[in-house]
Each structure stands twice: as C-alpha cells, then as structure tokens.
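Letters A, B, ... mirror the listed sequences (proteins, then strands); counts begin at 1. These numbers were taken from a predicted model, which means no experiment stands behind them. All values below were derived from every heavy atom in this structure, side-chain atoms included, with hydrogens, water molecules and symmetry-related copies excluded.
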Amino acid sequence: MIRSRRQSRPPPQHLDLPSHKQRTRDLPIEPAPLFDRLRLPLRLYGGGRASLLIRPGQHVLGGEAVAMANDGSGLQLHAPTSGRILGVSDGNEPVIEIAVDGDDRAVGPSPRPDWQDLDPALLLQQLQAAGVVGAGGARFPAATKLAKAAVHGIDWLLINAAECEPHLTADERLLTERAAAVIEGVNVLAHLSGAQRIVIAIEDDKPAAIAALEAALAGSDMELRILPRFYPSGSERQLVTLVTGREIPSGRLPLDVGVLCHNVATAWSAGRAIVHGEPVTRRIVTVTGMALRQPGNLEVRLGTTVGDLLAARGLDRTQLREIRLGGPLTGRRIDDSDTPIGAGNACVLAAGHNEGMPAGVEQPCIRCGACAEVCPAHLQPQLLHQFARAGDLDGARDHDLMDCIECGACEWVCPSRIPLLADYRQAKADIGRADAARAEAEHARLRHERRQARLQREREAAETARQARLQRVGAAVARARSRTTDP
Amino acid sequence: MRSRPGTFGVMSQVVLATLPGIAVLVWLFGPAVLVTVLLAVAAALAADALALWLRGRPMAKGLGDGSAVVTGLLLGLALPPFLPAWMTVLGAALAILLGKQVYGGLGQNPFNPAMVGYAILLVSFPLEMTTWALPRGLADAEPAGLAEAARLIFAGSANVPDALTGATPLDHFKHRESLTVAEWQASSGLAGRFAGAGWEWVNLAFLAGGLYLMQVRRLFSWHAPVGMLAALGVCALLFYDGGSSSSGGSPVFHLLGGATMFAAFFIVTDPVSGATSPRGRLVFGIGVGILVYVIRAFGGYPDAVAFAVLLMNAAAPFIDHFTRPRVYGHGREPSA
C-alpha cells in the first residue's frame, strides 16, 4: 500500500498566486520540431563550463558525447541529434553550434535492466557520463550530490514535484504521462542514496498527476505527500521544512539535515540514463504565455533556441510584453532570441501585456511591509531594499540577505513596483565579489608574510653557514699556526 | 490578477475609509470641517508641488502617488474646524516641507508628517488649537452653514462667536475640579452616552473606516492599532479607581474619546514612520497607547496623539533593531 498524506495548511508566510496552468495542463507532451541548428550550452552549474571533445567540422550522431566538464567530475554533454559540430561560439554564454542534418540518427541506447546488480560507483560514473543534472534550475550534477549524500549519511530522499510557479506544467505532464518512468528513476536515486524514507511531494491542484503517481506507486513503500497550493512550496529549503519538519541552517544544504532533494524531472532523466542507457539530450518545457498562439508542453532538444521554439508555436509580437526563460517570478527576461534552452529550463514564457510581474513606474518604498508578510525566508525585504540601494553591503549581510532564496514573492506584492529581486541579486553578487576581493587580499598578505619569513630564514641560514665557515677557517688557521710554531 | 494596488491605490483607499468619520464630523460641527479639510489638502498639495519643483523632481510622479493628499486630509481632520485659514495652510505646508520633503520625500521621513504639522501648530497657537467647535445641540446656534463657516474661517479666530466654540470633552473632563465621574456626566453637556458628547460617534465612524482598511482591504495588520487601543484601555483601567473625583476616566471614555480611533487606524498605522515588523508594530502601538494616556491624564495638553506618535516615531528604529524576526535557518539549531 502506498502512503499518501495530505498536508493541510501552508506556512504563514507565503503567497497565493493565480496559477495560469489551465492553459497547458491538459495538453499532452508533444515532440518539438527538429530545427536546423542547435546551440548546446557549455556553461555548467555554479559558473563552471565544459570543453569540446569533438573537432569542429566533425559529424556526430544523436547521443554522442560532445563535451566534458572541466572540473574533473566526468560530467558529459551529448549531441541531441545528428549533425555537424560547427565549433564553440563565445557570446554572452559559450555554446556548441551544431548544424542539424535532419536525419535525426542516434547511437543505439544500451539498456541495463540488471542495473541493481552493478557496482554503485559504476552507476554514479554512468550518471555523470550521461549528463544527469538538476532539472529544477540549479543544474547540479546528480551523481555529485548522491556521492555527497553517501558521505553525509542521509535518511530522507525528497522528490520535488511541487511545481509551484504559475504557468509551469512540464513536471505535471511528465508525471501524468510517464509516472512509471519517473518512479523507475526515483528507484535509481533511492538505491544510490541509501535513504530509508522516500517521499514525493506534489501540490494538490494536480489531480491527474497524483492519480498517475498513486497507480505507479502501488505496492511500493514510497510516500506521496500532497501539499496545499501556495508559493513557493517548491523552494527546496521550504519544502524540506514542510515535509520533514527540519530546518536547514543558514549557509548549509539539505544534506546537512539528512535530506537529499531531487527534482522530479531529474529523477526521470536518472532513470533513462541508468535503466535505459540514454544520455540527457532533451527535456520537457512548458511553452506558454498570452503572446503565443499555440501553447503546449514540448519535449525539447537541449540547445534549441528560444526564438526557434516560439516561432514554431506562433509568437504574436503585438501581444508580447517580454520573453522569459523560466516562470514569471524566478525566470529571467530574454532579449536575445538565440538564447538556448538548457537542462535547467522548464518554461519559456511569451508574456502578454498583463502577464508576469506587475508593471508600473517605480515609486519610493513606504515600508508597508507587504513583502515581509510573504517572504518564505522570514526576511524583511523592505530593510534589505534600503541597504541594497544605499550600497550598504554589511547592513544587507547583517540582515541576512544571503538567506534570500530569490523567489520574487516580495516583488510580486510590492505596491511601489520596486524591482526587488534584481536589486537583491545585484547586492548578493556584490557581496560575493567583496568577499572574493577580501579573500584575495588575505591570500596576498599571507603569501607576502610567508615570503618574508622564507627570506628571513634564508638570511639566517646564510648567516649560520657563514659563521660556521668562519669557525672552520679559524680552526684551520689555528691548526696551521700550531704546526708552524710547534714542529 | 492585476488587483494588487499600487501606492496611489493604497492612498485612495485611505481617503475612502475616512469618509464615515468625515460625515459624522460634518453632521456634528457643520461644513466648517469640510472647509478646513479642503484647505489643508490644497495647501499640502501646493507645498508638495513647490518642494518637488525646488528639488527638480518629476511633478506628476511625486504628486500622483496621493501621499500629500492623505497628509493634508489627516491633518485637516485633526484640526479644530474653525481654525483660522492661514494657520491651517501654514500647518499643512510645514507638515509637507518639514515633515516629509526635507528628508527626501515619500518613504524617507522619520516622523509622521501630519503629526509634525499638528504639533507645530499646537505649540505655536495653543489657544486656537484647543478651542473646538461645539457639537450640534450644545451650541447656542445651529452649526454654521457653508458660506458662514468659510467666512468665519477666512476672517480669523477673533470673529468666531463664542456660542459656536468651546473646550473639548477631554479638556473639560480633565478640568472638572472635584466632581466624580458620575457627577461630571450628570452635569456637563459635553458628556455623551459613553464618552464625550458626539465624539463617541466620531470614534465609532473612524473605527468602522479603520476596520474596513484592516479587514477588507488588508492595508495594514492588526498589530499597531490593537497594541495602541489595548495599552490605552489597560492604562485607563488601572487609573479609573471607580470614578472618584481623581479618576482618570473610564477605558470606554478614553477609547471612544478624542482622537483615539482616528489615531489608532489612520495615524499609528503609517508604515513609513512606524516600526516595520509585526512584533515591532505591536510594540510601537503599545508605546503610543501608554503615552496617549500619560499625556491625557498627567500632561498639559487636552489630547495627546501627536506627541505620543512623534515620540514613538523617534523610537521606531530602536524598536526595529530589537524586534527583528527570526530568519529561516538562523537560531533554531546550532548554526555553522
């Protein structure tokens, strides 16, 4: 019997948002068309990047490894279809340019139904080689996280299917249509993490996905946790606390309180990689917005450009306010239609004039505190705003800006229409840079001190050697004298 | 989806919520109330425009947020209806200039601008500021009509007939000499059913408008108003002593007397000059409530809201410092 439990109340600090999911939630996943070029992003989690494994000009098949992470993790990127590698173009973001040949030939997958008998270390290697990364946005390599979990010793595996941001239905469709494949992946993650409790958390506004999950979980001892709909239920820290009752200390990870979190789409790609031997080359993306004639949930090859995808679905520029990669709160505005879709992007939003963050002329903050009422991290955004605008990084840090999860709830409710999220991201980046500069200065100081100490030691050693030499010479002279005077 | 109000929407709601209170005031004291309120609003807008022009700031954006209208309105409601026009204009202009714009405009002011204007007028013109219109039924004449009221206001205080003005009930109660509360109520025409004559209805009307803002519009949380009213009520209870000749007045007398409800829902709730966290706002409100009682009972002024609020405004950063909410990930478990 599966244990399915409802959590009745959201935490006091949260936001109720219009969902806008009805536009795409009933539309089945369909394959996106094959475009004549792909721009596969080389930028990896946390600012790292990957380098090309293939000589430019060479032809590759779909599923062939084309790039490898520079950090030695063994993470690989794969060609999403057959075509010719044109090379790396370093614009704002480095990408591999691929000229698609249109034949869509691929190397055959190598399924391993007996994967459970394999050495876990080998399975982790396979996950890295298949390029399985966090699909929720951070793109952290799943195998690296699993290896850390093994070191930390965790007891919960929490699969995040909350999908709380408006417009997004990619995870919901994935669960509704491919629940068994997702559970296959959850089994892989559970096997590799050694977790005792496995919980899948989902919001209660997705009855079809819940029904599919319940069917797929029949006979399993995994738990299904049904959450009330609120924003941001899917934020990792908030979800961990809601489900396990454990609070993650500032600056720490869920692993530090014994919880391993994975997005539901990550679990799906882990299952494809291990059980079916398929590398990560596509993902489900919700393509929606009032400025789009044909919204939908598309299975998109990684590296497909936002421009190609929107053009294929009928972009109406007269209705367009802005294009966002990601949802209306946490996504970022895209001005370059050549921006590619990567492994962490679940949504492309062609926002109409009345969609997204409230528009309007920015007014001064009146400290109304509406932001503090919705902040899931219990921060006081009105004070952080003061510090951020005044450039007072110490004040901002002292009021725990670094604990901001960048959910954008504060900006959504701000009556003065202040772009709070952008301000906080800027201030956080500035703090990071200031810290780096401080660390660099500290490093330089230590290096200087060590050099001074070394020079001092060398001087002392030279002096000691000189004294010793003088003593030897003196002794020799004395011996010579004693010989001449005393034959 | 686009229902979240901007600053202008917030200000419009505040104006709307004062309407019941204004209606009762006009019914009690006649159209003089409207004349004074409109004068204050016009002067506040003009002063704001002047300051924006001098500071080289965009005029439409600065005036368009509606905050100057609210400042003028709140000040105008706090002033005696027959206050000479030039004093009202001066008070409103100083409220905007010294209360708000010198600090950098909306959102930057540490003190409540309307209360700054009120306090300046009170210490400068104590006689005019403590001479209130007599409520309907108590004056020897009917409340002055619109034209008559405007003429009296623009002509200056010397021309307002004594028959129309007098002390406020709070003032009268305080200087009741050796009467017990019951004796005062029986003898004074200024004593009403629960509190001061007429003022109980003013207070109930502002309470209704305030509850609309708080419960229906959710413009502010309950913390500051409830803190103030509870503290005032508790203080009044402590010093009531059964209504003897040295009694400070009953809790109901204080809660429904003077500017209590107006202050609790329209002054103490000013987010800019108050404390900012919910707990901080509760402390802020309690402080105002205690000070209102102390000044009413032991101070030299008939009502106390302006000084109580200004004192607590000065304490707000301090309150903020000590009432910071616990941030997620801090404090419950040993941190890194």
Undergrad: Nearest heavy-atom pair of A/Glu247 and B/His330: which atoms, and what distance?
TA: OE2-N, 3.9 Å
Undergrad: Regarding A/Glu373 and B/Arg218, does a basic nitrogen lie under 4.0 Å from an acidic carboxylate oxygen?
TA: no
Undergrad: Are A/Arg367 and B/Asp270 close enough, and set up right, to give a side-chain contact (heavy atoms from CB on, under 4.5 Å), and what steps lead you there?
TA: CA-CA 9 Å; A/Arg367 309 209 319 158; B/Asp270 171 33; over 6 Å; no
Undergrad: Out of curiosity, A/Gln380 CD to B/Thr323 OG1, how far, rounded to the nearest 0.5 Å?
TA: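 The CD atom of A/Gln380 sits 7.0 Å away from the OG1 atom of B/Thr323.
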Undergrad: Evaluate whether atom CE of B/Met214 has more than 12 neighbouring non-hydrogen atoms of other residues, nucleotides or ligands under 6.0 angstrom away.
TA: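 Enclosed.
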Undergrad: A/Asp398 versus chain B, heavy atoms under 4.5 Å apart: side chain, backbone, both or neither?
TA: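 For A/Asp398, heavy atoms of backbone and side chain both lie under 4.5 Å from chain B.
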Undergrad: So which part of A/Leu383 gets closer than 4.5 Å to some heavy atom of chain B, the side chain, the backbone, both or neither?
TA: side chain
Undergrad: Heavy-atom pairs under 4.5 Å with chain A are the metric here; pick the option from B/Gly64, B/Gly105, B/Gly62, B/Gly107 that has the most.
TA: B/Gly107
Undergrad: Answer with side chain, backbone, both or neither: which region of B/Asp320 has an atom nearer than 4.5 Å to a non-hydrogen atom of chain A?
TA: side chain
Undergrad: Provide the closest heavy-atom pair for A/Ala377 versus B/Val327 in the form atom of the first, atom of the second, distance.
TA: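 Taking every non-hydrogen atom into account, O-CG1, 3.4 Å.
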Undergrad: What I want to check is whether the side chains of B/Tyr328 and A/Thr241 have a donor and an acceptor closer together than 3.5 Å.
TA: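 The answer is yes; a qualifying pair exists.
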Undergrad: Is it the case that atom CZ in B/Phe8 sees more than 12 heavy atoms from other parts of the structure closer than 6.0 Å?
TA: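 Not buried by this count: 12 neighbours or fewer within 6.0 Å.
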Undergrad: Counting heavy-atom pairs under 4.5 Å to chain B, which of A/Gln382, A/His399, A/Gln13 comes out on top?
TA: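 Ranked by heavy-atom pairs under 4.5 Å with chain B, first place is A/His399.
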Undergrad: Looking at every heavy atom in both A/Cys368 and B/Pro271, which two are closest together, and how far apart are they?
TA: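 Of all heavy-atom pairs spanning A/Cys368 and B/Pro271, the closest is CA-CB, 3.5 Å.
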Undergrad: So do A/Asp400 and B/Arg324 actually touch side chain to side chain, heavy atoms under 4.5 Å?
TA: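 Side-chain contact under 4.5 Å: yes.
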Undergrad: Given that the side chain runs from C-beta out, which part of B/Arg281 has a heavy atom under 4.5 Å from chain A: side chain, backbone, both or neither?
TA: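 Answer is side chain: those atoms of B/Arg281 sit under 4.5 Å from chain A.
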Undergrad: Are more than 12 heavy atoms, taken from residues, nucleotides or ligands other than A/Lys148, located less than 6.0 Å from that residue's NZ atom?
TA: no
